[in-house]
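Below: the structure, in structure tokens.
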Amino acid sequence: MFELFTPRRSAQTLLAAAPNRWDWALLPVVLTIFIAVAFGAMQMSHPFVVGQPTPIALNLIYLPYYLLRTILRMFAALACSLIFSFVFAAVAVKYRAAEKIMIPLLDVLQSVPILGFQAIAIAPFILLFPGNLLGVECAAIFAIFTSQAWNMAFSLYQSMRTVPPELHEAARVFRLSGWQRFWRLDLPFAMPGLLWNMMMSMSGGWFFLVAAEAISVAGQDIKLPGIGAYIAVAIEQENGRAIAWATGTMLAGIVLYDQLFFRPLLAWADKFKFEESQGENGQRSWMLDWGRRSNLVRAVTDRIWATLNLTLGWFSFSRETAPPRAEASASAAAWSRAWDVLVLLVALGAAYRLVAFVHSVVGWGEFVHVAGLGLITLARVLLLIGLASLFWVPVAVWIGLRPQYSQRVQAFAQFLAAFPVNLMFPVVVFSLVTFKLSPNIWLSPLMVFGTQWYLLFNVVAGAATIPNELRLAADNLGIKGWLKWKRFYLPAIFPSYITGAITASGGSWNASIVAEYVTWGKTTLVADGLGSYIKQMTDAGDFHRIALGIGVMCVFVMLLNRFFWRKLYLLAAERI
């Protein structure tokens with residue numbers, strides 16, 4: 001079994017050790033982080049009244065402060081996303097009845113645009129913290145959460161469903177309870193892939209940052225101090241210099257948290273690989289090396305691990321009592337059929353409500369028009385995912401098999417994945433207007449610009465876990481060229497690719513709202529599609545048609561996932 005919470009040395013021994021030079025080297029870093037977090041948290045709870053102007057200055061001196069506020073929001077959303085992923089994946093894997101609802105529900109949630117979540121959440125959060133900016137901050141964090149959580153939840157679910165049978169058998173032999181199995185088997189096995197998807201989720205948060213920090217409510221524009229609001233103001237004022245500075249600041253922030261947070265976690269997670277896959281050339285982190293050499297850091301972390309290790313005794317089986325066996329019975333089968341019938345009735349009820357809404361509120365003509373726009377966006381999504389796969393799958397496999405290169409491109413890939421598509425609006429508008437290009441064609445690549453990285457990150461994670469023995473066997477057999485891809489590489493990374501493709505597909509539908517409706521100053525370019533329809537109805541305040549657009553988008557995503565991606569996912573699970 002994997003050991004997640006086991007300290008390497010006694011915490012009491014390390015506490016008795018005097019600080020060494022590595023403790024003094026880390027002290028400025030730790031103090032700076034604590035002071036910055038405390039200062040940023042204090043700024044989130046200032047008095048606020050709806051309608052009160054929230055000016056955003058484009059002066060460069062404010063950019064470090066805006067970066068701090070943005071990163072705090074994103075890490076708060078990441079923590080919530082991680083907790084959500086743990087609960088969601090554990091319940092969906094353990095209970096088949098819940099899985100039948102939760103996985104389609106996840107398809108719906110990842111297809112609902114961030115504007116839809118924001119419209120629902122902003123008023124309750126403001127009422128929850130009246131007269132305080134914390135309500136708007138929570139709304140922004142929730143909006144960022146909706147751009148991060150679904151990808152992480154599905155990644156963890158997919159990893160837990162593909163744990164090798166021999167490990168499940170070992171868990172039964174050792175009489176691990178469900179709680180112990182999650183912490184000692186499921187989560188450690190899924191850790192490498194989960195970390196890569198956490199990085200992708202952070203980048204996804206950057207992609208929709210402008211929408212999260214520049215909020216419209218009750219006819220008022222609320223702009224929270226942050227990089228997203230800074231970019232929104234720069235776009236309104238057509239200030240290209242400010243956008244360039246915002247891009248550089250964003251890159252600095254990504255490099256900073258990559259070195260201080262994600263790189264140490266990836267290096268630490270190398271020990272959770274199921275089989276040796278990269279020899280001695282695993283992930284390296286200067287921050288992790290410093291922490292391991294520091295007496296005080298090791299003492300504190302080992303004390304934390306020792307305390308967490310005690311929680312593994314919760315809900316455990318007694319030595320005299322064997323774990324209960326799941327035995328099929330006529331009663332269980334009857335309950336399963338009854339649950340299926342209940343789910344079907346709920347689905348039929350939802351379909352009836354949708355039909356009644358269309359018939360009585362918006363009309364069938366409008367529905368047919370919106371469905372046609374959905375087909376246009378569907379064609380764009382499938383075409384762009386296919387083209388992105390042809391390019392990024394070979395690149396990702398090459399990177400994943402060479403950890404020395406994956407470390408070099410890691411921060412760069414995070415930056416590209418995090419690059420908000422809004423920053424490309426000046427170039428896009430200038431090019432399309434100057435060369436008189438069709439928005440229906442040339443705005444389409446913007447949809448996949450921020451979502452193709454789901455493919456890259458997932459396939460890199462899958463390729464990095466290919467056992468070294470299989471690579472040596474393929475080399476010894478002399479398998480080369482297309483045969484090696486067909487018989488070795490593609491089957492090995494297929495489950496990871498499907499996970500990335502499903503999340504990239506859902507993200508592309510969400511990104512269509514930004515990509516099909518481009519604004520730079522007073523110039524607006526619109527492409528036919530479901531995303532531009534939802535954006536235009538949002539600007540017009542037509543909530544009935546906003547609901548229709550979001551509902552049609554959810555239906556398209558569910559059908560695509562159910563009859564296309566899910567079939568491929570089941571095929572991938574059978575090949576493991």
Side-chain angles (χ1 to χ4, degrees), residues 15 19 22-49 52 54-57 59-83 125-126 128-145 148 198-199 201-202 205-206 209 212-213 215 222-230 246 249-265 268 285-288 290-291 294-305 307-308 418:
L15 283 173
W22 299 105
D23 292 307
W24 296 111
L26 283 173
L27 183 61
V29 178
V30 175
L31 288 179
T32 301
I33 293 174
F34 275 120
I35 293 172
V37 171
F39 175 74
M42 289 174 59
Q43 300 302 311
M44 290 183 173
S45 58
H46 282 179
F48 171 78
V49 178
Q52 174 184 335
T54 52
I56 300 296
N59 195 318
L60 301 182
I61 196 173
Y62 292 103
L63 275 175
Y65 170 66
Y66 291 161
L67 177 65
L68 172 64
R69 295 286 295 272
T70 292
I71 289 180
L72 287 180
R73 293 186 193 108
M74 296 185 69
F75 271 97
L78 186 69
C80 296
S81 300
L82 197 61
I83 296 173
F125 278 118
I126 289 179
L128 187 62
F129 300 96
N132 198 300
L133 189 62
L134 191 59
V136 186
E137 289 283 355
C138 290
I141 292 172
F142 177 75
I144 298 172
F145 164 84
Q148 295 179 345
M198 285 172 62
M199 291 190 295
S201 293
M202 281 290 286
W206 284 101
L209 193 62
E213 292 184 349
I215 304 172
I222 303 174
K223 291 183 173 63
L224 293 171
I227 298 296
Y230 185 93
T249 305
M250 185 180 69
L251 174 60
I254 292 173
V255 172
L256 186 65
Y257 67 65
D258 173 72
Q259 293 295 316
L260 297 181
F261 184 74
F262 283 118
R263 188 67 62 87
L265 282 179
W268 171 74
S285 167
W286 63 268
M287 187 68 180
L288 183 64
W290 283 20
S294 164
N295 285 341
L296 294 182
V297 171
R298 289 295 303 274
V300 172
T301 55
D302 283 351
R303 173 60 65 89
I304 293 174
W305 292 133
T307 303
L308 292 175

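Everything quoted here is computed from the prediction, not taken from an experiment. Numbers here simply count residues along the sequence, with the first being 1.
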Would you call I56 and Y66 a side-chain contact if the rule is heavy atoms closer than 4.5 Å? yes

Taking the side chain as everything from C-beta on, heavy atoms only, tell me whether Y230 gets closer than 4.5 Å to T70. no

Can you name the closest pair of heavy atoms from P64 and I61 and give their distance? CD-O, 3.5 Å

So do the side chains of F125 and E137 get within less than 4.5 Å of each other, counting heavy atoms only? no

Side chain proximity check, I254 to M250, heavy atoms < 4.5 angstrom: yes

How far does CD1 of I222 sit from CD1 of I126, to the nearest 0.5 angstrom? 4.5 Å

Does any non-hydrogen side-chain atom of L256 lie less than 4.5 Å from one of L67? no

Please report the shortest heavy-atom distance between A212 and I144, naming the atom on each side. CB-CG1, 3.7 Å

Heavy atoms, side chains only, cut-off 4.5 Å: are M287 and R263 in contact? no

Least distance between heavy atoms, L296 atom then D23 atom: N-OD1, 3.1 Å

Look up atom CZ in R73 and atom CG in L68, then write down how far apart they are to the nearest 0.5 Å. 9.5 Å

Which value, rounded to the nearest 0.5 Å, describes the distance between L260 atom CG and L265 atom CG? 11.0 Å

So how far is it from Y257 OH to M74 CE, rounded to the nearest 0.5 Å? 5.0 Å

On a heavy-atom basis, which atom in I141 and which in A76 lie closest, and how many Å separate them? CD1-CB, 3.9 Å

Q148 (side chain) donor-acceptor with L78 (main chain) under 3.5 angstrom: yes

Close side-chain approach of M44 to L72, heavy-atom, < 4.5 Å: yes

F145 vs F142 aromatic rings, parallel, tilted or perpendicular, using cut-offs 30° and 60°? parallel

Kindly give the heavy-atom pair with the smallest separation between L224 and A229, and that separation in Å. O-CB, 3.0 Å

For the residue pair W22 and W290, does the interplanar ring angle fall in the parallel (under 30°), tilted (30 to 60°) or perpendicular (over 60°) class? tilted

Heavy atoms, side chains only, cut-off 4.5 Å: are F129 and F48 in contact? no

Heavy-atom closest pair, residues L133 and Q43: CD2-O, 4.0 Å

Between E213 and R69, does any NZ, NE, NH1 or NH2 come within less than 4.0 Å of an OD or OE carboxylate oxygen? no

Taken to the nearest 0.5 Å, the spacing of W24 CH2 from S294 OG works out to 11.0 Å

